[in-house]
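Not measured: the values here are computed from a predicted model. Numbered from 1 within each chain, the chains take letters A, B, ... in sequence-line order.
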2 protein chains.
Amino acid sequence: MDERLGLEDLITAIRESGGRVTSAKRAVAATLADARDHLSADEITRRVQIGQPDVSPSTVYRILEELESLGVVVHSHVGHAAAVYHVVGPAHGHLVCSRCGVTTEIAARAFDGLSRDLRHHYGFELDRHHVALAGLCRQCREMVKDL
Amino acid sequence: MDERLGLEDLITAIRESGGRVTSAKRAVAATLADARDHLSADEITRRVQIGQPDVSPSTVYRILEELESLGVVVHSHVGHAAAVYHVVGPAHGHLVCSRCGVTTEIAARAFDGLSRDLRHHYGFELDRHHVALAGLCRQCREMVKDL
DNA sequence: CTAAGTGCAAATAATTTGCAACATG
DNA sequence: CATGTTGCAAATTATTTGCACTTAG
(Lines give C-alpha, C1' and ligand atoms only; values in the text may rest on other atoms or scores of the structure.)
Protein backbone atom coordinates (compact mmCIF):
# COMPACT_ATOMS: atom_id res chain seq x y z
CA MET A 1 0.00 0.00 0.00
CA ASP A 2 2.97 2.25 0.46
CA GLU A 3 3.93 2.51 -3.14
CA ARG A 4 6.54 5.23 -3.34
CA LEU A 5 9.15 5.73 -5.99
CA GLY A 6 11.97 3.21 -5.71
CA LEU A 7 15.72 3.47 -6.09
CA GLU A 8 15.55 2.92 -9.83
CA ASP A 9 13.02 5.70 -10.27
CA LEU A 10 15.36 8.13 -8.54
CA ILE A 11 18.34 7.03 -10.59
CA THR A 12 16.32 7.32 -13.76
CA ALA A 13 15.20 10.81 -12.83
CA ILE A 14 18.81 11.90 -12.37
CA ARG A 15 19.87 10.34 -15.62
CA GLU A 16 16.99 11.78 -17.63
CA SER A 17 17.72 15.26 -16.39
CA GLY A 18 21.23 14.93 -17.74
CA GLY A 19 22.90 14.47 -14.35
CA ARG A 20 25.62 11.93 -13.73
CA VAL A 21 24.97 8.93 -11.57
CA THR A 22 27.73 8.70 -9.01
CA SER A 23 28.16 6.32 -6.11
CA ALA A 24 27.31 9.07 -3.64
CA LYS A 25 24.06 9.79 -5.44
CA ARG A 26 23.26 6.12 -5.59
CA ALA A 27 23.86 5.77 -1.86
CA VAL A 28 21.71 8.76 -0.93
CA ALA A 29 18.95 7.61 -3.26
CA ALA A 30 19.09 4.08 -1.84
CA THR A 31 18.95 5.41 1.71
CA LEU A 32 15.89 7.50 0.92
CA ALA A 33 14.22 4.70 -1.00
CA ASP A 34 14.77 2.23 1.83
CA ALA A 35 13.72 4.49 4.68
CA ARG A 36 10.26 4.02 6.00
CA ASP A 37 10.35 7.22 8.00
CA HIS A 38 11.49 10.74 7.22
CA LEU A 39 15.20 11.40 7.60
CA SER A 40 17.19 14.52 8.38
CA ALA A 41 20.20 15.35 6.22
CA ASP A 42 22.35 14.32 9.14
CA GLU A 43 20.73 10.91 9.49
CA ILE A 44 21.02 10.36 5.77
CA THR A 45 24.70 11.27 5.87
CA ARG A 46 25.31 8.88 8.74
CA ARG A 47 23.61 6.01 6.96
CA VAL A 48 25.40 6.69 3.70
CA GLN A 49 28.72 6.79 5.53
CA ILE A 50 28.25 3.26 6.83
CA GLY A 51 28.98 2.06 3.32
CA GLN A 52 31.03 5.00 2.09
CA PRO A 53 32.75 6.81 4.96
CA ASP A 54 34.15 9.52 2.74
CA VAL A 55 30.89 10.96 1.51
CA SER A 56 30.70 14.40 3.07
CA PRO A 57 27.65 16.19 4.46
CA SER A 58 27.93 18.92 1.87
CA THR A 59 27.69 16.34 -0.88
CA VAL A 60 24.59 14.91 0.72
CA TYR A 61 23.03 18.37 0.83
CA ARG A 62 23.86 18.94 -2.79
CA ILE A 63 22.35 15.63 -3.81
CA LEU A 64 19.21 16.26 -1.77
CA GLU A 65 18.86 19.62 -3.46
CA GLU A 66 19.19 17.98 -6.86
CA LEU A 67 16.58 15.34 -6.03
CA GLU A 68 14.20 17.99 -4.76
CA SER A 69 14.60 20.06 -7.89
CA LEU A 70 13.75 16.94 -9.88
CA GLY A 71 10.57 16.63 -7.91
CA VAL A 72 11.24 13.12 -6.65
CA VAL A 73 12.10 14.11 -3.07
CA VAL A 74 10.56 16.68 -0.77
CA HIS A 75 11.49 18.10 2.60
CA SER A 76 9.51 19.56 5.43
CA HIS A 77 10.05 21.02 8.87
CA VAL A 78 8.68 19.92 12.21
CA GLY A 79 8.98 22.61 14.84
CA HIS A 80 12.41 24.23 14.79
CA ALA A 81 14.26 21.00 14.09
CA ALA A 82 16.32 20.23 11.01
CA ALA A 83 14.55 19.56 7.74
CA VAL A 84 13.47 15.99 7.05
CA TYR A 85 13.47 14.46 3.59
CA HIS A 86 11.57 11.69 1.91
CA VAL A 87 10.78 10.26 -1.49
CA VAL A 88 7.48 11.30 -3.00
CA GLY A 89 4.88 8.62 -3.46
CA PRO A 90 1.50 8.52 -5.00
CA ALA A 91 -0.44 11.65 -4.08
CA HIS A 92 -0.57 11.69 -0.31
CA GLY A 93 -0.44 13.79 2.79
CA HIS A 94 1.14 13.78 6.21
CA LEU A 95 -0.57 14.11 9.54
CA VAL A 96 2.03 15.39 11.99
CA CYS A 97 1.19 15.23 15.67
CA SER A 98 2.24 18.47 17.36
CA ARG A 99 2.62 16.70 20.65
CA CYS A 100 4.58 13.50 19.96
CA GLY A 101 5.91 14.35 16.53
CA VAL A 102 4.75 11.13 14.89
CA THR A 103 3.93 11.40 11.20
CA THR A 104 1.18 9.34 9.62
CA GLU A 105 0.91 9.12 5.86
CA ILE A 106 -2.55 9.14 4.45
CA ALA A 107 -4.04 8.47 1.06
CA ALA A 108 -4.80 11.03 -1.60
CA ARG A 109 -8.45 10.17 -1.43
CA ALA A 110 -8.71 12.02 1.88
CA PHE A 111 -8.16 15.26 -0.01
CA ASP A 112 -10.58 14.71 -2.84
CA GLY A 113 -13.27 16.90 -1.34
CA LEU A 114 -10.90 19.59 -0.15
CA SER A 115 -9.13 19.66 -3.48
CA ARG A 116 -12.38 20.15 -5.35
CA ASP A 117 -13.47 22.92 -2.98
CA LEU A 118 -10.20 24.81 -3.30
CA ARG A 119 -10.24 24.60 -7.07
CA HIS A 120 -13.83 25.69 -7.21
CA HIS A 121 -13.77 28.54 -4.66
CA TYR A 122 -10.24 29.85 -5.04
CA GLY A 123 -9.02 28.54 -8.35
CA PHE A 124 -6.23 26.91 -6.37
CA GLU A 125 -4.77 23.65 -7.63
CA LEU A 126 -3.68 21.70 -4.57
CA ASP A 127 -0.28 20.03 -4.75
CA ARG A 128 -1.02 16.66 -3.24
CA HIS A 129 2.62 15.77 -2.78
CA HIS A 130 3.13 18.52 -0.24
CA VAL A 131 0.17 18.33 2.07
CA ALA A 132 1.31 18.34 5.70
CA LEU A 133 -1.24 18.91 8.42
CA ALA A 134 -0.61 19.56 12.09
CA GLY A 135 -2.83 18.40 14.89
CA LEU A 136 -3.11 15.73 17.55
CA CYS A 137 -2.90 12.02 16.84
CA ARG A 138 -5.42 9.68 18.40
CA GLN A 139 -3.21 8.73 21.34
CA CYS A 140 -2.14 12.24 22.27
CA ARG A 141 -5.70 13.41 21.89
CA GLU A 142 -6.76 10.99 24.60
CA MET A 143 -3.89 11.85 26.89
CA VAL A 144 -4.67 15.53 26.61
CA LYS A 145 -8.30 14.82 27.25
CA ASP A 146 -7.34 13.25 30.60
CA LEU A 147 -5.62 16.34 31.91
CA MET B 1 -12.93 39.99 8.61
CA ASP B 2 -9.34 39.53 9.65
CA GLU B 3 -10.07 39.17 13.30
CA ARG B 4 -6.89 38.01 14.96
CA LEU B 5 -5.87 38.44 18.55
CA GLY B 6 -4.78 41.99 19.32
CA LEU B 7 -2.01 43.42 21.44
CA GLU B 8 -4.11 43.36 24.58
CA ASP B 9 -4.94 39.69 24.11
CA LEU B 10 -1.27 38.86 23.95
CA ILE B 11 -0.45 40.92 27.03
CA THR B 12 -3.31 39.34 28.92
CA ALA B 13 -2.11 35.87 27.96
CA ILE B 14 1.33 36.64 29.36
CA ARG B 15 -0.08 38.06 32.56
CA GLU B 16 -2.52 35.22 33.12
CA SER B 17 0.22 32.64 32.75
CA GLY B 18 2.10 34.35 35.57
CA GLY B 19 4.69 35.97 33.32
CA ARG B 20 5.89 39.52 33.80
CA VAL B 21 5.02 42.15 31.25
CA THR B 22 8.19 43.95 30.23
CA SER B 23 8.73 46.63 27.64
CA ALA B 24 10.51 44.16 25.37
CA LYS B 25 7.56 41.79 25.51
CA ARG B 26 5.19 44.63 24.86
CA ALA B 27 7.19 45.69 21.81
CA VAL B 28 7.38 42.21 20.33
CA ALA B 29 3.67 41.65 20.94
CA ALA B 30 2.80 44.99 19.35
CA THR B 31 4.96 44.22 16.33
CA LEU B 32 3.24 40.88 15.83
CA ALA B 33 -0.20 42.33 16.41
CA ASP B 34 0.39 45.13 13.91
CA ALA B 35 1.96 43.02 11.18
CA ARG B 36 -0.26 42.02 8.35
CA ASP B 37 2.19 39.50 7.01
CA HIS B 38 4.32 36.81 8.60
CA LEU B 39 7.61 37.98 10.08
CA SER B 40 10.92 36.27 10.70
CA ALA B 41 12.57 36.65 14.11
CA ASP B 42 15.08 38.89 12.44
CA GLU B 43 12.44 41.19 10.98
CA ILE B 44 10.69 41.35 14.31
CA THR B 45 13.94 42.25 16.04
CA ARG B 46 14.62 44.98 13.54
CA ARG B 47 11.19 46.52 13.98
CA VAL B 48 11.36 46.34 17.75
CA GLN B 49 14.75 47.99 17.70
CA ILE B 50 13.36 51.05 15.96
CA GLY B 51 11.74 51.98 19.23
CA GLN B 52 14.09 50.18 21.64
CA PRO B 53 17.54 49.75 20.10
CA ASP B 54 18.85 47.71 23.01
CA VAL B 55 16.47 44.80 22.75
CA SER B 56 18.64 41.89 21.67
CA PRO B 57 17.79 39.11 19.23
CA SER B 58 18.08 36.53 21.95
CA THR B 59 15.42 38.30 23.95
CA VAL B 60 13.16 38.33 20.93
CA TYR B 61 13.64 34.59 20.49
CA ARG B 62 12.86 34.00 24.15
CA ILE B 63 9.70 36.07 23.94
CA LEU B 64 8.56 34.35 20.76
CA GLU B 65 9.08 31.03 22.46
CA GLU B 66 6.98 32.17 25.41
CA LEU B 67 4.18 33.40 23.15
CA GLU B 68 4.19 30.17 21.22
CA SER B 69 3.99 28.12 24.39
CA LEU B 70 1.00 30.22 25.39
CA GLY B 71 -0.63 29.27 22.12
CA VAL B 72 -1.16 32.83 20.92
CA VAL B 73 1.57 32.81 18.30
CA VAL B 74 2.67 30.15 15.85
CA HIS B 75 5.59 29.77 13.51
CA SER B 76 6.07 27.94 10.27
CA HIS B 77 8.74 27.35 7.67
CA VAL B 78 8.70 28.10 3.99
CA GLY B 79 11.37 26.19 2.14
CA HIS B 80 14.70 26.31 3.97
CA ALA B 81 14.31 29.89 5.07
CA ALA B 82 14.12 31.14 8.64
CA ALA B 83 10.95 30.53 10.62
CA VAL B 84 8.18 33.09 10.28
CA TYR B 85 5.85 33.99 13.14
CA HIS B 86 2.34 35.31 13.36
CA VAL B 87 -0.47 35.79 15.83
CA VAL B 88 -3.18 33.16 15.72
CA GLY B 89 -6.56 34.22 14.48
CA PRO B 90 -9.85 32.51 13.98
CA ALA B 91 -9.32 29.05 12.54
CA HIS B 92 -7.91 29.51 9.06
CA GLY B 93 -5.53 28.15 6.50
CA HIS B 94 -2.99 29.37 4.00
CA LEU B 95 -2.81 28.56 0.33
CA VAL B 96 0.78 29.09 -0.77
CA CYS B 97 1.50 29.18 -4.47
CA SER B 98 4.66 27.19 -5.20
CA ARG B 99 5.30 29.23 -8.30
CA CYS B 100 4.81 32.89 -7.32
CA GLY B 101 4.92 32.50 -3.54
CA VAL B 102 1.73 34.42 -2.88
CA THR B 103 -0.17 33.36 0.22
CA THR B 104 -3.95 33.50 0.35
CA GLU B 105 -5.72 33.14 3.66
CA ILE B 106 -8.91 31.16 3.59
CA ALA B 107 -11.70 30.53 6.03
CA ALA B 108 -11.98 27.66 8.47
CA ARG B 109 -15.14 26.49 6.78
CA ALA B 110 -13.09 25.16 3.88
CA PHE B 111 -11.71 22.49 6.19
CA ASP B 112 -14.94 21.33 7.77
CA GLY B 113 -15.23 18.28 5.61
CA LEU B 114 -11.57 17.38 5.74
CA SER B 115 -11.48 17.83 9.48
CA ARG B 116 -14.41 15.49 9.98
CA ASP B 117 -12.85 12.86 7.69
CA LEU B 118 -9.52 12.93 9.46
CA ARG B 119 -11.10 12.63 12.88
CA HIS B 120 -13.30 9.81 11.69
CA HIS B 121 -10.78 7.78 9.72
CA TYR B 122 -7.56 8.46 11.59
CA GLY B 123 -8.61 9.77 15.00
CA PHE B 124 -6.60 12.86 14.06
CA GLU B 125 -7.70 16.21 15.43
CA LEU B 126 -6.71 18.80 12.84
CA ASP B 127 -5.10 21.95 14.18
CA ARG B 128 -6.82 24.61 12.13
CA HIS B 129 -4.35 27.28 13.05
CA HIS B 130 -1.54 25.52 11.24
CA VAL B 131 -2.99 24.52 7.92
CA ALA B 132 -0.70 25.52 5.06
CA LEU B 133 -1.25 24.03 1.64
CA ALA B 134 1.01 24.20 -1.37
CA GLY B 135 -0.17 24.31 -4.93
CA LEU B 136 -0.73 26.68 -7.81
CA CYS B 137 -2.80 29.83 -7.56
CA ARG B 138 -5.30 30.66 -10.27
CA GLN B 139 -2.98 32.92 -12.22
CA CYS B 140 0.02 30.64 -12.19
CA ARG B 141 -2.19 27.73 -13.09
CA GLU B 142 -3.16 29.48 -16.29
CA MET B 143 0.34 30.53 -17.15
CA VAL B 144 1.56 26.98 -16.73
CA LYS B 145 -1.30 25.72 -18.84
CA ASP B 146 -0.02 27.86 -21.71
CA LEU B 147 3.39 26.24 -21.82
C1' DC C 1 12.92 42.43 47.95
C1' DT C 2 13.45 38.32 44.74
C1' DA C 3 12.68 35.71 41.03
C1' DA C 4 11.73 36.53 36.21
C1' DG C 5 13.67 38.80 32.47
C1' DT C 6 17.44 40.94 29.81
C1' DG C 7 21.88 42.22 27.14
C1' DC C 8 25.90 40.64 25.49
C1' DA C 9 29.09 37.59 23.86
C1' DA C 10 30.22 33.13 22.95
C1' DA C 11 28.47 28.45 21.67
C1' DT C 12 25.62 25.35 18.67
C1' DA C 13 23.42 23.58 14.78
C1' DA C 14 22.15 23.48 10.08
C1' DT C 15 23.30 24.53 5.71
C1' DT C 16 26.16 26.77 1.98
C1' DT C 17 30.21 27.81 -0.64
C1' DG C 18 35.12 28.06 -2.77
C1' DC C 19 38.29 25.40 -4.82
C1' DA C 20 41.47 21.84 -6.25
C1' DA C 21 41.24 16.90 -7.17
C1' DC C 22 38.38 13.29 -9.36
C1' DA C 23 35.41 10.32 -12.11
C1' DT C 24 31.31 9.81 -15.35
C1' DG C 25 29.43 9.70 -19.91
C1' DC D 1 38.77 14.32 -22.05
C1' DA D 2 35.40 17.95 -20.83
C1' DT D 3 32.60 18.90 -17.32
C1' DG D 4 29.63 17.52 -13.68
C1' DT D 5 30.83 16.00 -8.91
C1' DT D 6 33.11 15.55 -4.74
C1' DG D 7 35.81 16.22 -0.26
C1' DC D 8 37.44 19.32 2.78
C1' DA D 9 37.65 23.32 5.26
C1' DA D 10 36.03 27.66 6.03
C1' DA D 11 32.00 30.83 5.86
C1' DT D 12 27.09 31.85 6.78
C1' DT D 13 22.76 31.84 8.97
C1' DA D 14 19.52 30.77 12.44
C1' DT D 15 18.94 29.91 17.01
C1' DT D 16 20.45 28.85 21.87
C1' DT D 17 22.83 29.42 26.13
C1' DG D 18 25.75 31.14 30.30
C1' DC D 19 26.07 34.69 33.26
C1' DA D 20 26.07 39.01 35.64
C1' DC D 21 22.91 42.77 35.88
C1' DT D 22 18.20 44.83 35.83
C1' DT D 23 13.35 45.32 36.91
C1' DA D 24 8.30 44.04 37.40
C1' DG D 25 5.20 42.59 40.75
Tabulate atom names and distances for all N/O pairs under 3.5 angstrom spanning the protein and nucleotides 19-22 of chain C.
none

Is there a donor-acceptor pair closer than 3.5 Å between any side-chain N or O of [X] and the backbone N or O of [Y]?
X	Y	answer
K25(A)	R20(A)	yes
Q49(A)	V55(A)	yes
R15(A)	V21(A)	no

* Does a sphere of radius 6.0 Å around CD in Q52(B) hold more than 12 heavy atoms from other residues, nucleotides or ligands, not counting ones at 6.0 Å or beyond? -> yes

Let me know the distance between [atom1] of [X] and [atom2] of [N], rounded to the nearest Å.
X	N	atom1	atom2	answer
E43(A)	dA13(C)	CD	P	15 Å
E66(A)	dT3(D)	CD	P	18 Å
E68(A)	dT16(C)	CD	C1'	15 Å
H75(A)	dA14(C)	NE2	C1'	12 Å
I11(A)	dG25(C)	CD1	P	10 Å
Q52(B)	dC8(C)	CD	P	13 Å
D54(A)	dT6(D)	CG	P	13 Å
E65(A)	dT15(C)	CD	C1'	10 Å

* Asked: Which residue, S40(B) or I14(A), contacts DNA chain D at a nucleotide closer to its 5' end, judged by nearest heavy atom?
  -> I14(A)

If you take all heavy atoms of [X] and [Y], which pair is closest and at what distance?
X	Y	result
A110(B)	D117(A)	O-OD2, 4.4 Å
R26(B)	L7(B)	O-CD1, 4.0 Å
L133(A)	L114(B)	CD1-CD2, 4.0 Å
A24(B)	T59(B)	CB-CG2, 4.0 Å
E66(A)	S69(A)	O-OG, 2.8 Å

* Structure fact -> For nucleotides 20-25 of chain D, 5' to 3', base contacts (B), sugar-phosphate-only contacts (S) and non-contacts (-) with protein non-hydrogen atoms under 4.0 Å give ---BBS

* According to a 4.5 Å side-chain heavy-atom criterion applied to Ile, Leu, Val, Met, Phe, Trp and Tyr, with indirect links allowed, do L126(B) and V131(A) form part of one hydrophobic cluster? -> yes

Under 3.5 Å, which N/O atoms of the protein pair with N/O atoms of nucleotides 10-14 of chain D?
none

* **Residues that T31(B) engages under side-chain contact (heavy atoms from CB on, under 4.5 Å), provided they are two or more places apart** => L39(B), I44(B), R47(B), V48(B)

* Could you list the residues that satisfy side-chain contact (heavy atoms from CB on, under 4.5 Å) with D34(A), not counting sequence neighbours? => none

* Determine, step by step, whether D112(B) and R116(B) satisfy the salt bridge (charged side-chain N to carboxylate O under 4.0 Å, His left out) criterion, reporting the C-alpha distance in whole Å, the side-chain angles of both residues, the deciding distance to 0.1 Å, and the verdict. => CA-CA 6 Å; D112(B) 284 353; R116(B) 190 168 348 98; over 6 Å; no

* Stem regions touching DNA chain D, defined by at least 3 consecutive Watson-Crick or wobble G-U pairs below 3.5 angstrom -> C:1-10 with D:16-25, C:12-14 with D:12-14, C:16-25 with D:1-10

* To do: On DNA chain C, check which nucleotide each of T59(A) and I63(B) is closest to and give me the residue with the more 5' one.
  => I63(B)

* To do: Just say parallel, tilted or perpendicular for the rings of H75(B) and Y85(B), cut-offs at 30° and 60°.
  => tilted

